[in-house]
A.B. asks: 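Take this structure, written in structure tokens, and hold onto it; I'll ask about it next.
In what follows, every heavy atom counts, from backbone to side chain, and hydrogens, waters and symmetry copies are set aside. Keep in mind that this is a model prediction, so the values were computed, not measured.
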Amino acid sequence: LINLTNGKLLLNAKPDEITRKNLEEQFLANLPKKQEELSPEEKLAFQNLQKRKKIIMLRDKKDVSIKITKLGEEILSQKLSFTEAKELIEGLTPEMLRKSSWKGKKFRRYDIQSQVPRLFGGKEHFVNQATEYAKKIWLDLGFKEMTGSLIVTGFWNFDALFTAQDHPVREMQDTFYIKDIEGKLPNKELVNAVKKSHEGGVDGSKGWQASWNEKDAKRVLLRTHTTCLSAKTLKKIAENKEFPAKYFALGKCFRNETVDWSHAFEFNQTEGIVVDENASFRQLLGYLLEFFKKMGYEKIRVRPGYFPYTEPSLEIDIFHPERKKWIELGGAGMFRPEVTIPFFGKHIPVLAWGPGFDRILMEFFDIKDLREMYKNNINQLREMKVWR
């Protein structure tokens with residue numbers, strides 16, 4: 001457009017070249033426009049301008065058309081007296097009763113079958129409703145509630161529950177660790193007892209036959225199950241010599257899962273322990289069957305399972321009628337001596353369970369996908385039926 005000749009600036013451009021607008025300027029000059037009617041060049045300009053702040057705004061508009069029904073046409077054809085309609089009384093007030101001003105007046109008639117706008121009152125989130133109901137079940141069965149932080153050390157989440165330090169579940173692929181934070185361990189006596197349980201075993205067990213690393217136990221993470229609360233509660237029970245004891249928990253857990261219709265990286269779990277020298281596996285089944293019966297499941301499938309910290313162990317399944325398949329809810333069993341002896345100094349039977357809670361709610365609320373429970377869709381929340 002410009003040349004430099006003999007120290008002078010010379011304008012070589014034609015007038016139309018100087019005043020010509022670039023692609024984005026042409027696009028802005030022609031706004032507003034419908035997005036679906038944009039040409040390829042205008043779409044490119046739109047994409048370029050979207051990358052810049054506060055240049056353009058995309059606004060969604062909804063067109064609503066109204067058509068008079070046959071009943072409406074009939075009403076319009078009638079000769080209605082609006083003066084008479086104004087004199088109709090729609091409701092009695094205290095003042096009208098005191099002054100008797102209602103006498104001689106006509107009351108407006110109402111059609112109780114007429115369509116009226118639906119009113120949606122405030123209510124608890126359906127998950128919270130079910131949570132409170134489940135808590136009441138455990139409380140009615142004589143359990144006390146145990147609570148705790150969502151962030152724990154590897155000691156309580158894994159080591160105290162006799163999960164080997166080289167177990168795959170402790171890897172980053174399964175667990176959310178908190179970076180650059182080191183947690184504190186409990187009293188040295190318990191730590192040494194857990195270390196002994198891992199390295200050499202107790203009560204005839206051989207343990208994991210591997211060196212136990214205190215540094216791994218101090219790693220901080222988002223709890224992968226509420227069973228870590230059971231471990232902490234066992235410590236309190238041992239210190240207070242509270243035998244027998246029954247505790248439950250219901251709270252959030254976090255795992256690095258691939259999200260799909262039946263898996264999420266955040267979920268609720270219900271936990272329970274019964275500490276009693278006379279506790280038996282049959283009692284464990286009884287507690288589970290009673291809980292699921294009260295939650296609305298008459299038939300569940302119980303099958304053998306494996307967990308590092310329980311023996312015998314079982315898995316609990318319910319049948320999903322929509323997917324036509326059995327869905328795993330979680331595990332249960334009796335804590336191994338490697339778990340109980342570090343706390344109590346001897347083996348005391350402990351019944352333990354920790355099924356996933358969100359999946360229990362799917363059938364009652366007709367939820368096809370676990371992700372629906374966390375979308376906070378206002379229309380879904382309004383239409384969702386009340387628990388029980």
A.B. asks: Quick test of your reading of the model: are Glu266 and Arg371 salt-bridged, counting only N-O distances below 4.0 Å?
C.D. replies: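 No, this pair does not count.
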A.B. asks: Less than 4.5 Å apart, any side-chain heavy atom of Val64 and any of Lys62?
C.D. replies: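 Result yes, sub-4.5 Å side-chain heavy-atom pair found.
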A.B. asks: Between Glu25 (side chain) and Asn22 (backbone), is there a donor-acceptor pair under 3.5 Å?
C.D. replies: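 Yes, Glu25 side chain to Asn22 backbone: donor-acceptor pair under 3.5 Å.
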A.B. asks: Does a side-chain heavy-atom distance below 4.5 Å link Val350 with Val274?
C.D. replies: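 Heavy-atom side-chain distance check fails, nothing below 4.5 Å.
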A.B. asks: For Trp138 and Tyr247, I'd like to know if the aromatic rings sit close, meaning centre-to-centre distance below 6.0 Å.
C.D. replies: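 Aromatic pair excluded; centres sit 6.0 Å or further apart.
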A.B. asks: Does atom CD (Gln209) have a neighbourhood of more than 12 heavy atoms from anything else shown, all under 6.0 Å?
C.D. replies: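 Enclosed: over 12 neighbouring heavy atoms sit under 6.0 Å from CD of Gln209.
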A.B. asks: Any salt bridge (charged side-chain N to carboxylate O under 4.0 Å, His left out) involving residues 149-172? Give me the pairs, sequence neighbours left out, ordered by first then second residue.
C.D. replies: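 Listed by first then second residue: Asp159-Arg170.
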A.B. asks: Are the side chain of Asn3 and the backbone N or O of Thr5 linked by a donor-acceptor pair below 3.5 Å?
C.D. replies: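 Here the side-chain-to-backbone pair does not exist.
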A.B. asks: Surrounding NZ of Lys123 (heavy atoms of other residues, nucleotides or ligands, distance under 6.0 Å), is the total greater than 12?
C.D. replies: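 Yes, the 6.0 Å shell around NZ holds more than 12 heavy atoms from other groups.
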A.B. asks: Rounded to the nearest 0.5 Å, what separation is found between the CD1 atom of Ile360 and the CD atom of Gln269?
C.D. replies: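 Here the rounded value is 10.0 Å.
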A.B. asks: Can a donor-acceptor pair be found, under 3.5 Å and without considering hydrogens, that links the side chain of Arg108 to the backbone of Ile89?
C.D. replies: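 Checked: no pair found.
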A.B. asks: Give a yes or no on whether Ile348 and Val202 share a hydrophobic cluster (residues Ile, Leu, Val, Met, Phe, Trp, Tyr; joining criterion: side-chain heavy atoms under 4.5 Å apart).
C.D. replies: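 No; Val202 is not reachable from Ile348 via cluster members.
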A.B. asks: Using every non-hydrogen atom in the two residues, find where Met146 and Ala249 come nearest and quote the distance to one decimal.
C.D. replies: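 Taking Met146 first and Ala249 second, the nearest heavy atoms are O-CB, 3.3 Å.
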A.B. asks: Quick one: pull up CD in Gln47 and CG in Leu38 and give me the separation to the nearest 0.5 Å.
C.D. replies: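 Rounded to the nearest 0.5 Å, the CD-CG separation comes to 10.0 Å.
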A.B. asks: Using the ring pair (Phe, Tyr, Trp, His ring centres under 6.0 Å) criterion, which residues pair with Phe335? Sequence neighbours excluded.
C.D. replies: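 Listed in chain order: nothing, the list is empty.
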A.B. asks: Please examine the side chains of Leu28 and Ile56, heavy atoms only from C-beta on, and report whether any two atoms are closer than 4.5 Å.
C.D. replies: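 Yes, at least one pair of side-chain atoms sits under 4.5 Å.
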A.B. asks: Please name the pair of heavy atoms, one in Ala29 and one in Lys21, separated by the smallest distance, quoted to 0.1 Å.
C.D. replies: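 Of all heavy-atom pairs spanning Ala29 and Lys21, the closest is CB-NZ, 3.9 Å.
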A.B. asks: Check whether Thr227 reaches the backbone of Ser230 with its side chain - one donor and one acceptor, N or O, closer than 3.5 Å.
C.D. replies: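 Absent.
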A.B. asks: Quick check: do Pro342 and Leu190 have side-chain heavy atoms less than 4.5 Å from each other?
C.D. replies: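 The answer is yes; the side chains approach within 4.5 Å.
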A.B. asks: Linking I/L/V/M/F/W/Y whenever their side-chain heavy atoms sit closer than 4.5 Å, directly or via other members, would Leu221 and Phe155 fall into one cluster?
C.D. replies: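 Each belongs to a different hydrophobic cluster.
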A.B. asks: Does the Lys NZ or Arg CZ of Arg219 fall within the cation-pi geometry relative to Tyr177 - under 6.0 Å from the ring centre and within 45° of the axis?
C.D. replies: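 Yes, Arg219 lies over the aromatic ring of Tyr177.
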A.B. asks: Check for me whether Lys246 meets the cation-pi criterion with Phe143, that is, NZ or CZ under 6.0 Å from the six-membered ring centre and within 45 degrees of the ring axis.
C.D. replies: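 Yes, Lys246 sits over the ring of Phe143.
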A.B. asks: Roughly how far, to the nearest 0.5 Å, is the CD1 atom of Ile318 from the CE atom of Met295?
C.D. replies: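 Interatomic distance, Met295 CE to Ile318 CD1, rounded to 0.5 Å: 9.5 Å.
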A.B. asks: With a 4.0 Å cut-off on N to O distance, would you call Arg52 and Glu24 a salt bridge?
C.D. replies: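 Between Glu24 and Arg52 there is no salt bridge, as every charged N stays at least 4.0 Å from the carboxylate O atoms.
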A.B. asks: Check the side chains of Asp174 and Asn256 for a donor-acceptor pair under 3.5 angstrom, ignoring hydrogens and angles.
C.D. replies: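 The criterion, which ignores hydrogens and geometry beyond distance, is not satisfied for Asp174 and Asn256.
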A.B. asks: Passes ring-ring contact (aromatic ring centres under 6.0 Å, His included), Phe291 versus Trp353? Steps please.
C.D. replies: CA-CA 11 Å; Phe291 174 74; Trp353 55 88; 8.6 Å; no
A.B. asks: Under 3.5 Å, is there a donor-acceptor pair between the side chain of Tyr133 and the main chain of Lys294?
C.D. replies: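 Checked: pair present.
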A.B. asks: Is a salt bridge present between Glu277 and Lys346, judged by a nitrogen-to-oxygen distance below 4.0 Å?
C.D. replies: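 So Glu277 pairs with Lys346 through a salt bridge.
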A.B. asks: If hydrophobic clusters are built from ILVMFWY residues whose side chains come within less than 4.5 Å, do Val169 and Val194 share one?
C.D. replies: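 Not linked; separate clusters.
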A.B. asks: Where the side chain of Asn192 meets the backbone of Lys188, is there a donor-acceptor pair that is under 3.5 Å apart?
C.D. replies: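 Pair found, side chain donor or acceptor close to backbone of Lys188.
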A.B. asks: Do Phe158 and His167 have ring centroids that are under 6.0 Å from one another?
C.D. replies: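 Aromatic pair excluded; centres sit 6.0 Å or further apart.
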A.B. asks: Is the side chain of Thr310 donor-acceptor paired with the backbone N or O of Ser313 at a distance under 3.5 Å, no angle test?
C.D. replies: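 Not at all, since once roles are kept as given, no pair shorter than 3.5 Å links the two residues.
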A.B. asks: Would you give the length of the straight line joining atom CD of Glu372 to atom CG of Asp366, rounded to the nearest 0.5 angstrom?
C.D. replies: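 It comes to 8.5 Å.
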A.B. asks: With distance as the sole test, does Glu73 use its side chain to make a donor-acceptor pair with the main-chain N or O of Lys70 at under 3.5 Å?
C.D. replies: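 Pair absent, no side-chain N/O of Glu73 close to backbone of Lys70.
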A.B. asks: Nearest heavy-atom pair of Pro308 and Tyr306: which atoms, and what distance?
C.D. replies: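 In this case the closest contact between Pro308 and Tyr306 is CA-OH, 3.7 Å.
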A.B. asks: Between Phe243 and Phe344 (judged by ring centroids, cut-off 6.0 Å), do the two rings come close enough to count as a pair?
C.D. replies: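 Centroid distance Phe243-Phe344: below 6.0 Å, so yes.
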A.B. asks: Treating Ile, Leu, Val, Met, Phe, Trp and Tyr as nodes and any side-chain heavy-atom pair under 4.5 angstrom as an edge, say whether Phe162 and Val152 lie in one connected cluster.
C.D. replies: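 Hydrophobic grouping puts Phe162 apart from Val152.
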A.B. asks: State, to 0.1 Å, how close Ala134 and Leu250 come at their nearest heavy-atom pair, and which atoms those are.
C.D. replies: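 Where Ala134 meets Leu250 most closely, the heavy atoms are CB-CD1, 3.6 Å.
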A.B. asks: Any idea how His225 and Tyr309 line up, ring-wise: parallel (<30°), tilted (30 to 60°), or perpendicular (>60°)?
C.D. replies: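 The arrangement is perpendicular - the two ring planes meet at more than 60°.
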A.B. asks: Can a side-chain donor-acceptor contact be found between Gln165 and Asn213 if the only test is distance below 3.5 angstrom?
C.D. replies: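 Note: Asn213 and Gln165 side chains miss the donor-acceptor criterion.
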A.B. asks: Kindly check if the number of other-residue, nucleotide or ligand heavy atoms within 6.0 Å of CD (Gln113) is above 12?
C.D. replies: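 No, the 6.0 Å shell around CD holds no more than 12 heavy atoms from other groups.
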A.B. asks: Do Leu314 and Leu284 come close enough that some side-chain heavy atom pair is under 4.5 Å?
C.D. replies: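 With C-beta onward as the side chain, the pair touches.
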A.B. asks: Flag the pair Glu37 and Lys33 as a salt bridge only when some basic side-chain nitrogen lies within less than 4.0 angstrom of an acidic carboxylate oxygen.
C.D. replies: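 Looking at Lys33 together with Glu37, the answer is no, because their closest N to O distance does not fall below 4.0 Å.
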A.B. asks: Test your reading of the model: is there a side-chain donor-acceptor pair from Arg301 to the backbone of Ile316, 3.5 Å cut-off?
C.D. replies: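 The answer is no, because no donor-acceptor pair under 3.5 Å joins these two groups.
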A.B. asks: Hydrophobic clusters here meaning ILVMFWY residues chained together by side-chain heavy-atom distances under 4.5 Å, can you tell me if Phe307 and Phe281 are in one?
C.D. replies: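 Not linked; separate clusters.
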A.B. asks: Taking atom types as modelled and ignoring hydrogens, do the side chains of Glu338 and Ser197 form a donor-acceptor contact shorter than 3.5 angstrom?
C.D. replies: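 The answer is no; no qualifying pair exists.
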A.B. asks: Salt bridge check, Lys235 against Glu239: does any charged N sit closer than 4.0 Å to a carboxylate O?
C.D. replies: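 A salt bridge links Glu239 with Lys235.
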A.B. asks: In terms of relative ring orientation, are His198 and Trp212 parallel, tilted or perpendicular, with 30° and 60° separating the classes?
C.D. replies: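 Tilted: the ring planes of His198 and Trp212 meet at 30° to 60°.
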A.B. asks: So which atom in Thr226 and which in Gly251 form the shortest heavy-atom distance, rounded to 0.1 Å?
C.D. replies: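 Closest approach of Thr226 to Gly251: CG2-O, 3.9 Å.
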A.B. asks: I'd like to know whether CH2 of Trp326 has more than 12 heavy-atom contacts from other residues, nucleotides or ligands below 6.0 angstrom.
C.D. replies: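 Yes - once you tally the heavy atoms of other residues, nucleotides and ligands closer than 6.0 Å, there are more than 12.
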A.B. asks: Compare all side-chain heavy atoms of Arg382 with those of Phe120 and state whether any distance is below 4.5 angstrom.
C.D. replies: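 Touching, per the 4.5 Å side-chain cut-off.
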A.B. asks: With Val275, which of Thr233, Thr340, Leu351, Ile237 fulfils side chain to side chain contact (heavy atoms under 4.5 Å, CB included)?
C.D. replies: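 Between Val275 and the candidates, side chain to side chain contact (heavy atoms under 4.5 Å, CB included) is satisfied uniquely by Ile237.
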A.B. asks: Any idea which heavy atoms bring Lys385 and Phe365 closest together, and the distance?
C.D. replies: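 The pair with the smallest heavy-atom distance is O-CE2, 3.4 Å.
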A.B. asks: Just verifying a value: how many Å separate Lys252 NZ and Asn268 CG, rounded to the nearest 0.5 Å?
C.D. replies: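 Between atom NZ of Lys252 and atom CG of Asn268 there are 4.5 Å.
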A.B. asks: Show which residues join Ile178 in its hydrophobic cluster (side-chain heavy-atom contacts under 4.5 Å, direct or indirect), or state none.
C.D. replies: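 Via sub-4.5 Å side-chain contacts, Ile178 links to Leu150, Ile151, Phe176, Ile181, Val220, Leu222, Phe254, Val259, Phe265.
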A.B. asks: Is there a side-chain contact between Glu199 and Ser211 (heavy atoms, below 4.5 Å)?
C.D. replies: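 Yes. Closest side-chain heavy atoms under 4.5 Å.
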A.B. asks: Flag yes if more than 12 heavy atoms outside Arg59 fall under 6.0 Å of its CZ atom; otherwise flag no.
C.D. replies: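 Not buried by this count: 12 neighbours or fewer within 6.0 Å.
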A.B. asks: Determine yes or no for a side-chain-to-main-chain donor-acceptor pair under 3.5 angstrom, with Asn128 supplying the side chain and Glu124 the backbone.
C.D. replies: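 Here the side-chain-to-backbone pair does not exist.
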A.B. asks: Does Lys236 NZ have over 12 foreign heavy atoms under 6.0 Å away?
C.D. replies: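 Atom NZ in Lys236 is not packed in, count stays at 12 or less.
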A.B. asks: Can you confirm whether Lys293 is buried at NZ, in the sense that more than 12 heavy atoms of other residues, nucleotides or ligands lie under 6.0 Å from that atom?
C.D. replies: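 Open: at most 12 neighbouring heavy atoms sit under 6.0 Å from NZ of Lys293.
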A.B. asks: Between Leu229 and Trp156, is any pair of side-chain heavy atoms under 4.5 Å apart?
C.D. replies: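 A side-chain contact under 4.5 Å is absent here.
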